[in-house]
Amino acid sequence: MTAPPIVVAFLFCIGIAGFAVADDQEPGKLPFALVPQRKFLQIPKGQPVAQCSAVAVNSKGELFLFHRGPRPVLCFDPEGKFLRGWGDDVIKIAHGLRIDSDDNVWITDVGSSRVYKFDSQGNPLLVLGTGVAGAGHNQFNEPTDIAFGPDGEVYISDGYGNSRVMKFNQKGEFISTWGTAGKDQGQFRLPHSIVVDKEQRVLVGDRENNRIQVFDTDGQWLATWKGFAPYGMAFDPEGRLFVADGRACQVLLLDDQGKVVRRWGREGKSTGQFQMPHMLTFDASGNLYVAEINGKRLQKFIRNTAVK
């Protein structure tokens, strides 16, 4: 789709005075600052932006915002100019969105209990799930997020109805699954986000247990990191793990053992504050993007290496 000729700047917030930082370690140990930007996206006139559930950036710097309104996938260029949107005829309730190494766009739809793979123009490439919620190997029950392994493996956190992780090959063929409902090691209460780190560990945001559980690629438990509600997780270009804590309305930086290094934000409507930060991502320059459910907005934080 082409952008309508008339676009207006979408002003997310009114100032940066509300931006707050709390440090678990002294600020000088982090070689950059994240500065909230007052203006960014140019939303087409007449295009509402509803609850923003996810965001991702492809290799061209194009930004994909997933929201719960008309044209649920909205694509923008690196300067925030609207490019295209799609999904009305397919997506019921937006949740997770990730982009793989080939710039394909994967989404989880909690309304249809399906996972979709699109190309960057919105053409469908693959559908996982039957469209009926269930616990079979070809079914999901409100899946939440997607992660990619080093050999093209696809991990799905599944999710609101099932308390498990499912693993597929790059063709979408089922490989394995692990997890049951509960609070013990290897159990989940709403596996809500999932990523694979540089050590090929599978990190699962066990949201309602207020923890991240760490597994190997076969689902063997390795560690548990407690003390936050991991709604969303993302790595910056250097491999640092950032977490959207939707309950605390903060973005957290963790070290490789799950300890909180830095916190950004607090609950509020101003720039740099959050209303249920849900999922987040980074571009190649290390700029941070945070999608908010209750705030119904996307915030951008510029990485500034001159201000620390």
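- The number of heavy atoms from other shown groups lying within 6.0 Å of CD (Q275) is above 12.
- Contact annotation: the side chain of K117 never approaches that of V105 to less than 4.5 Å [non-hydrogen atoms, C-beta and beyond].
- The heavy-atom pair separating L34 from P36 by the smallest distance is O-CD, 3.7 Å.
- Not counting sequence neighbours, the partners of T281 by the side-chain contact (heavy atoms from CB on, under 4.5 Å) test are V55, V57, Y289.
- A side-chain donor-acceptor contact under 3.5 Å links T130 to the backbone of V132.
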Candidate pair V251 and V243, rule side-chain contact (heavy atoms from CB on, under 4.5 Å), full reasoning: CA-CA 6 Å; V251 170; V243 173; over 6 Å; no

Intermediate values then yes/no, salt bridge (Lys or Arg N to Asp or Glu O under 4.0 Å), R201 and D197: CA-CA 5 Å; R201 301 181 300 181; D197 71 7; 2.7 Å; yes

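- One finds the OG atom of S176 at 6.0 Å from the CZ atom of F174 (value rounded to the nearest 0.5 Å).
- In terms of heavy-atom proximity, Q200 sits nearest to V196 at CA-CG1, 4.0 Å.
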Verdict with supporting geometry, V154 and I146, side-chain contact (heavy atoms from CB on, under 4.5 Å): CA-CA 7 Å; V154 179; I146 312 105; 3.7 Å; yes

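- For D119, the side-chain contact (heavy atoms from CB on, under 4.5 Å) partners are N104, Q121, N123, L125, not counting sequence neighbours.
- Panel note: side chain Q170, backbone E153; no donor-acceptor pair is recorded below 3.5 Å.
- With sequence neighbours excluded, the residues forming a side-chain contact (heavy atoms from CB on, under 4.5 Å) with C75 are E62, F64, L83, R84, listed by chain and number.
- Between R71 and D88, some side-chain heavy-atom pair lies under the 4.5 Å cut-off.
- R68 contributes a side-chain N or O that, together with a main-chain N or O of A94, makes up a donor-acceptor pair within less than 3.5 Å.
- Side-chain atoms of T177 come within 3.5 Å of backbone atoms of V165 as a donor-acceptor pair (strictly under, hydrogens ignored).
- Put simply, the side chain of I194 does not reach to within 4.5 Å of the side chain of I156, judged on heavy atoms.
- Note that the CD1 atom of I99 and the CG atom of L63 stand 8.0 Å from one another [nearest 0.5 Å].
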Test side-chain contact (heavy atoms from CB on, under 4.5 Å) applied to M279 and H192, step by step: CA-CA 10 Å; M279 292 191 179; H192 193 268; 4.2 Å; yes

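- Checked by atom type and distance alone, the side chain of R247 pairs as donor or acceptor with a backbone atom of R207 at under 3.5 Å.
- The minimum heavy-atom distance linking G179 with F188 is given by the pair CA-CE1, 3.7 Å.
- With ring centers used as reference points, Y160 lies under 6.0 Å from H95.
- Annotation: W264 is not in aromatic contact with F274 [ring centroid separation under 6.0 Å not met].
- Linking Ile, Leu, Val, Met, Phe, Trp and Tyr whenever their side-chain heavy atoms come within less than 4.5 Å leaves V202 and F148 in two separate clusters.
- Using modelled atom types and a 3.5 Å distance limit, the side chains of S193 and D145 yield no donor-acceptor pair.
- Two different hydrophobic clusters hold W106 and Y116 under the rule that ILVMFWY side chains link at heavy-atom gaps under 4.5 Å.
- Expressed to the nearest 0.5 Å, how far CG of L288 lies from CZ of F32 amounts to 9.0 Å.
- Between W178 and F215, the gap from one ring centroid to the other is short of 6.0 Å.
- Of the residues listed (F228, F282, F235), the one engaging F242 in a ring-ring contact (aromatic ring centres under 6.0 Å, His included) is F282, and it is the only one.
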Steps toward side-chain contact (heavy atoms from CB on, under 4.5 Å) verdict (K45, Q47): CA-CA 6 Å; K45 187 175 181 179; Q47 169 70 57; over 6 Å; no

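- Side chains of V290 and F301 form a contact here, defined as non-hydrogen atoms less than 4.5 Å apart.
- Put simply, the side chain of R164 never gets that close to the backbone of Q187: no donor and acceptor are under 3.5 Å apart.
- Taking the side chain as every heavy atom from C-beta outward, M166 and F140 approach each other to under 4.5 Å.
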Test side-chain hydrogen bond (donor to acceptor under 3.5 Å, both in side chains) applied to T144 and S157, step by step: CA-CA 6 Å; T144 51; S157 51; 2.6 Å; yes

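- Checked by atom type and distance alone, the side chain of K81 never pairs as donor or acceptor with a backbone atom of I43 at under 3.5 Å.
- Judged purely by distance below 3.5 Å, without hydrogens or angles, the side chains of Q299 and E292 pair a donor atom with an acceptor atom.
- Between N138 and L128 there is no side-chain heavy-atom pair separated by less than 4.5 Å.
- Each of L126 and I107 belongs to its own hydrophobic cluster when Ile, Leu, Val, Met, Phe, Trp and Tyr are linked at side-chain heavy-atom distances under 4.5 angstrom.
- W225 and V204 fall into different hydrophobic clusters, defined by Ile, Leu, Val, Met, Phe, Trp and Tyr side-chain heavy atoms under 4.5 Å apart, directly or through other members.
- What you find for P277 and C249 is that their closest heavy atoms are CD-CA, 3.7 Å.
- Considering only heavy atoms from C-beta on, I91 comes within 4.5 Å of V73 through its side chain.
- Side-chain atoms of T180 and S163 include no donor-acceptor pair closer than 3.5 Å.
- Considering only residues two or more places apart in sequence or on other chains, H67 meets the ring pair (Phe, Tyr, Trp, His ring centres under 6.0 Å) condition with none of them.
- Distance alone, capped at 3.5 Å, places no donor-acceptor pair between the D218 side chain and the Q220 backbone.
- For the residue pair D206 and P230, the shortest heavy atom distance occurs at N-CG, 3.8 Å.
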Trace of the salt bridge (Lys or Arg N to Asp or Glu O under 4.0 Å) decision for R114 with D109: CA-CA 5 Å; R114 279 179 162 157; D109 181 351; over 6 Å; no

S59 vs D103, side-chain hydrogen bond (donor to acceptor under 3.5 Å, both in side chains): CA-CA, chis, key distance, verdict: CA-CA 7 Å; S59 65; D103 278 348; 2.5 Å; yes

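- Residue H137 comes nearest to F168 through the heavy atom pair O-CE2, 4.1 Å, listed as atom of the first residue, atom of the second, then distance.
- Going from atom CG of D77 over to atom NZ of K60 covers 12.0 Å, rounded to the nearest 0.5 Å.
- Cluster annotation: V115 and V110 are assigned to distinct hydrophobic clusters (Ile/Leu/Val/Met/Phe/Trp/Tyr, side-chain heavy-atom contacts under 4.5 Å, transitive).
- Between N210 and E208, the closest side-chain pair of non-hydrogen atoms is not below 4.5 Å.
- A donor-acceptor pair under 3.5 Å is absent between the side-chain atoms of T224 and the main chain of Q213, judged by distance alone.
- Every residue two or more places apart in sequence or in another chain that forms a side-chain contact (heavy atoms from CB on, under 4.5 Å) with K171 is listed here: N169, E173.
- Screening residues 227-237 for side-chain hydrogen bond (donor to acceptor under 3.5 Å, both in side chains) gives D236-R240, D236-R303 as the qualifying pairs, with residues at least two apart or on separate chains.
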